[in-house]
Amino acid sequence: MKYLWVFLTACLVGIIYYNSSLPLKQSSEISGWFAALTHLLAQHLDIHLAGDVEHHIRKLAHFCEFALLGFLLCHSFSALGVSNRTATGYILFLALFAAVLDEYIQSFSPGRASRVKDVLLDFSGVFCAWLEYRIWEWSARK
């Protein structure tokens with residue numbers, strides 16, 4: 001059972017890197033579909049959306065993908081019996097490495113670019129998930 005978390009983590013990393021390898025046109029079609037759905041939902045709820053909704057959805061998707069990665073990394077290291085202090089170092093290092101590699105892969109995808117602020121956004125997703133996991137773990141011990 002302990003290797004299930006590692007397997008799920010590896011699968012998510014594969015999905016993240018696959019999505020990064022998609023050309024801009026394909027990636028835009030996916031996020032455009034979600035943007036259209038968001039606009040439809042906003043109209044139904046009588047909410048006015050301003051700005052580039054597709055851009056915000058793209059950024060939110062990056063943050064959420066990496067937050068899920070952080071959650072899976074926390075569970076993986078916990079299941080493997082790694083101490084919290086050691087696991088923290090590995091989790092944050094692997095998160096930063098994954099974010100940098102993600103942007104590197106994007107730099108080879110037609111029409112896409114690699115940005116330092118996207119690395120920071122991705123890393124912040126993992127960091128928030130790690131922090132939430134540690135707070136939850138700490139509160140469960142009390």
> What is the ring orientation for Trp5 with His75, classed by angle as parallel under 30°, tilted 30 to 60°, or perpendicular over 60°?
Replying inline: parallel
>> If hydrophobic clusters are built by linking Ile, Leu, Val, Met, Phe, Trp and Tyr wherever their side-chain heavy atoms come under 4.5 Å apart, do Leu131 and Leu72 end up in the same one?
In response: yes
> Do the ring centers of Tyr90 and Phe77 come within less than 6.0 Å of each other?
Replying inline: yes
>> Count I, L, V, M, F, W, Y as connected when their side-chain heavy atoms are under 4.5 Å apart, and connections chain through other members. Are Leu101 and Val116 then in the same cluster?
In response: no
> So do Leu92 and Thr88 actually touch side chain to side chain, heavy atoms under 4.5 Å?
Replying inline: yes
> Are Phe97 and Phe123 connected in the hydrophobic side-chain network, where two residues link if heavy atoms are under 4.5 Å apart?
Replying inline: yes
> With the 4.5 Å side-chain cut-off for hydrophobic clustering, are Ile16 and Leu24 part of the same group?
Replying inline: no
> Taking side chain as C-beta onward, heavy atoms only, is Ser27 less than 4.5 Å from Arg112?
Replying inline: yes
> Closest heavy-atom contact between Ala87 and Arg134?
Replying inline: CB-NH2, 3.9 Å
> Restricting to pairs with a member in residues 15-45, which pass ring pair (Phe, Tyr, Trp, His ring centres under 6.0 Å), not counting sequence neighbours?
Replying inline: none
> Less than 4.5 Å apart, any side-chain heavy atom of Glu132 and any of Cys74?
Replying inline: no
> In Å and rounded to the nearest 0.5 Å, what is the CG to CG distance from Leu73 to Leu12?
Replying inline: 8.5 Å
> Asn19 versus Gln26: any side-chain heavy-atom pair under 4.5 Å?
Replying inline: no
> Do Ile47 and Leu41 touch side chain to side chain, with heavy atoms closer than 4.5 Å?
Replying inline: no
> So do Cys128 and Phe63 actually touch side chain to side chain, heavy atoms under 4.5 Å?
Replying inline: yes
> Would you say Leu96 and Val119 make side-chain contact, with heavy atoms under 4.5 Å?
Replying inline: yes
> Which heavy atom in Asp118 sits nearest to a heavy atom in Glu103, and how many Å separate them?
Replying inline: CB-OE2, 3.3 Å
>> To the closest 0.5 Å, what do you measure between CG (Leu69) and CG (Leu94)?
In response: 8.5 Å
> For the residue pair Phe71 and Ala129, what are the closest heavy atoms and their distance?
Replying inline: N-CB, 3.7 Å
> What are the two closest non-hydrogen atoms of Val126 and Ala95, and how far apart are they?
Replying inline: CG1-CB, 3.3 Å
>> Rounded to the nearest 0.5 Å, what separates atom CD in Glu137 from atom CZ in Arg141?
In response: 4.5 Å
>> Restricting to non-hydrogen atoms, name the atom on Gln106 and the atom on Ala113 that form the minimum distance, rounded to 0.1 Å.
In response: OE1-O, 3.1 Å
> Are Tyr104 and Ser114 close enough, and set up right, to give a side chain to side chain contact (heavy atoms under 4.5 Å, CB included), and what steps lead you there?
Replying inline: CA-CA 6 Å; Tyr104 182 72; Ser114 152; 6.0 Å; no
> Does a side-chain heavy-atom distance below 4.5 Å link Leu121 with Arg115?
Replying inline: no
>> Let me confirm one number: the OG-CD1 distance from Ser78 to Ile91, rounded to the nearest 0.5 Å.
In response: 9.0 Å
>> Restricting to non-hydrogen atoms, name the atom on Ser76 and the atom on Thr9 that form the minimum distance, rounded to 0.1 Å.
In response: OG-OG1, 3.0 Å
>> Could you measure the distance from the CD1 atom of Ile57 to the CG atom of Asp52? Nearest 0.5 Å is fine.
In response: 9.0 Å
>> Suppose we call two aromatic rings close when their centres sit under 6.0 Å apart. Are Trp130 and Tyr133 close by that rule?
In response: no
> Is there a chain of hydrophobic side chains (I, L, V, M, F, W, Y, each step under 4.5 Å between heavy atoms) that links Tyr3 to Val13?
Replying inline: yes
